[in-house]
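Notes follow once the structure below has been shown.
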Amino acid sequence: MAAMKPRTGDGPLEVTKEGRSILLRMPLEGGGRLVVEMNAEEAQALGDAIKGCIG
């Protein structure tokens with residue numbers, strides 16, 4: 001049986017443009033990554049929402 005090792009995510013936060021889409025790859029605390037595909041308008045709205053939260 002393999003030893004259980006804690007995982008802290010699979011790499012850094014990444015945002016890349018692929019064709020017309022913008023891909024966000026965010027490491028998760030329990031391991032793995034959250035991958036979100038969005039268009040430019042959705043990315044702008046997400047950025048505005050984040051900026052509104054942090055001041």
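The figures here come from the full heavy-atom set of this structure, side chains too, leaving out hydrogens, waters and symmetry mates. All values reported here derive from a predicted model rather than from experimental measurement.
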Task: Closest non-hydrogen atom pair between L24 and L46, with its separation - done: CD2-CD2, 4.5 Å

Task: Qualifying side-chain hydrogen bond (donor to acceptor under 3.5 Å, both in side chains) pairs, either residue in residues 44-53, two or more places apart - done: Q44-D48

Task: Qualifying residues under side chain to side chain contact (heavy atoms under 4.5 Å, CB included), relative to E37, sequence neighbours excluded - done: S21, L23

Open item on the list: Treating R33 as the side-chain partner and P12 as the backbone partner, does any N or O pair qualify as donor plus acceptor under 3.5 Å?
Closed with: yes

Task: Flag if over 12 foreign heavy atoms under 6.0 Å of CE, M26 - done: no

Task: All salt bridge (Lys or Arg N to Asp or Glu O under 4.0 Å) counterparts of E18, not counting sequence neighbours - done: R25

- [ ] Please tell me if the side chains of V36 and I22 come closer than 4.5 Å, counting only heavy atoms from C-beta onward.
- [x] no

